[in-house]
Amino acid sequence: MKRQWWAAAALAASLGGCTETLPPPAPDIEGLLALRSFDMPPAAVGQFTATGPAAAQDRGVTIRAGTFRPPEGTSWAGYLGDTLEAQLAASGKHDPQSPLRIEGELVENRRGENMSSGRATIAAQFRVRRGDMILYDKRLEQRSDWDSNYFGFVAYEAALRHYTALYPKLVEQLLKDPDFRKAVKP
Amino acid sequence: MSKLRAFFAALAAVLSLASFAAPAQAAKIYVDNKLGWVKPEDKVQIASPQPVQLVIDFQTDGVTNAKAIKEVKPMIVKYLQQTALFSTLSETPVANGALLTVRFNNIADKNAAGKGFKAGLTFGLAATQVADNYDVDFALVPASGQEPLRAQLKHAIILTIGKKADPSLGTEYKKAKDAVDVMVGQSVEQGAHALARQDGFPGK
């Protein structure tokens, strides 16, 4: 009887829904190498907010019966800012007091999947300021397409990986953008 | 590792159904023996170990897996410290600009969940085996502006259901967590010493 209770619990756990919170973003190898490849003074990370349709999608992502959320106390827009901050900090180029400030608006945040494929897109309007002067103002976008799966837990894990990987990729795109590099030049 | 987790989730579902009527078929987890630990006589001794910045990545099919990084990072740090090839491992830049990057890429068997499901539904009569393969890349920039030293290796964890113990598959572990720890440990030890054997390794 005891075994049957355990079995029922295992079945419920494996088939039922769950919500999980992501860990804070870690620095990414490509982003770090990008930051080491050009001269950039330390910068502050300003506000990251979500606007337009992205504002309504700024909390959790539900795939089949599972939901994943950005780290405690943040939104997806905040997660983007934290990803950038992690990169700058790992490169010794983060200074909250710097007059050079990078901020952003998450303007697009879409994801979805069916039994066979998944797709996610995020886009942000990045701005670099020095005092009141805007040095850079550009929309950047990342998209991912992947094979999904009939099994919900496999589909969920694939969506989580592909969606969250867009954030370091978007930051890497910013750090490799020649216009950004020109704007932040010492 | 996420594939293993998915596999175990499928397995939990079907074995829990099976356990109402029949004894659950035990899953067996093996770490491939091809790589192994570095032999004591092959270990490199560094005269003056230097500090290095460490950045790691864990991917599944080439896509960064944010959750797995958190799980694997303490293992990588533990085994790197045990090599004594570096004086300190830092999350921020070190004075000479030395940077070590370690990347695990888990090559997923796309049929893993289906195999687990089938094995469970047949109470293990449809015996199955899944190999969890890993490509592991190491790059060490000895100092700012220098070309990186590189090392690459492969490792694997094998999972069977409904099969008798088979030592030819590797060393068996009771818990998936222990198997992952050994796979990470052997990879890190072999990769770090492969870097240390190359000219230009800091402090040699």
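What you see is a predicted model, and the numbers here were worked out from it, not measured in a lab. Labels below follow one simple rule: chain letters A, B, ... track the order of the sequence lines, proteins then strands, and each chain is numbered from 1.
Atom CG of B:Asp61 is separated from atom NE2 of A:His162 by 7.0 Å, given to the nearest 0.5 angstrom. One distance of note links CD of A:Glu157 with OG1 of B:Thr60; it measures 8.5 Å at 0.5 Å rounding. The OG1 atom of B:Thr64 sits 7.5 Å away from atom CD of A:Glu30, with the distance rounded to the nearest 0.5 Å.
Atom NZ of B:Lys78 is surrounded by more than 12 heavy atoms from other residues, nucleotides or ligands within 6.0 Å. Within a 6.0 Å radius of CD in B:Gln152, more than 12 heavy atoms belonging to other residues, nucleotides or ligands are found. Dense packing is recorded around CZ of B:Arg197, with more than 12 heavy atoms of other residues, nucleotides or ligands lying under 6.0 Å away. The neighbour count for A:Glu141 CD, taken as heavy atoms of other residues, nucleotides or ligands under 6.0 Å away, is above 12. Open room surrounds NZ on A:Lys169; 12 or fewer heavy atoms of other groups in view lie less than 6.0 Å from it. By the neighbour-count criterion of 12 heavy atoms within 6.0 Å, atom CG of A:Asp145 is densely surrounded, having more than that number from other residues, nucleotides or ligands. Residue A:Lys138 places its NZ atom among more than 12 non-hydrogen atoms of other residues, nucleotides or ligands, all under 6.0 Å distant. Counting heavy-atom neighbours within 6.0 Å of A:Arg181 CZ, excluding the residue itself, gives a total above 12.
Closest approach of B:Thr92 to A:Ala89, counting heavy atoms only: CG2-O, 3.9 Å. Across every non-hydrogen atom of B:Pro93 and A:Ser91, the tightest pair is CG-C, 3.4 Å. Smallest separation of non-hydrogen atoms from A:Arg161 and B:Val63: O-CG1, 3.7 Å. A pairwise comparison of heavy atoms in B:Ala66 and A:Pro23 identifies O-CG, 3.9 Å as the closest pair. Pairing each heavy atom of B:Val102 with each of A:Ile29, the nearest pair is O-CD1, 4.1 Å.
B:Gln53 places a side-chain heavy atom less than 4.5 Å from the side chain of A:Leu32.
With a 4.5 Å cut-off on non-hydrogen atoms, A:Thr164 touches chain B through its side chain but not through its backbone. There is no contact between B:Gln59 and chain A, counting heavy-atom distances below 4.5 Å. Both the backbone and the side chain of A:Ala90 have a heavy atom closer than 4.5 Å to some heavy atom of chain B. In this structure, the portion of B:Val141 lying under 4.5 Å from any heavy atom of chain A is its side chain and not its backbone.
Contacts with chain A were tallied for B:Ile56, B:Ile69, B:Leu99; B:Leu99 has the most, counting heavy-atom pairs under 4.5 Å.
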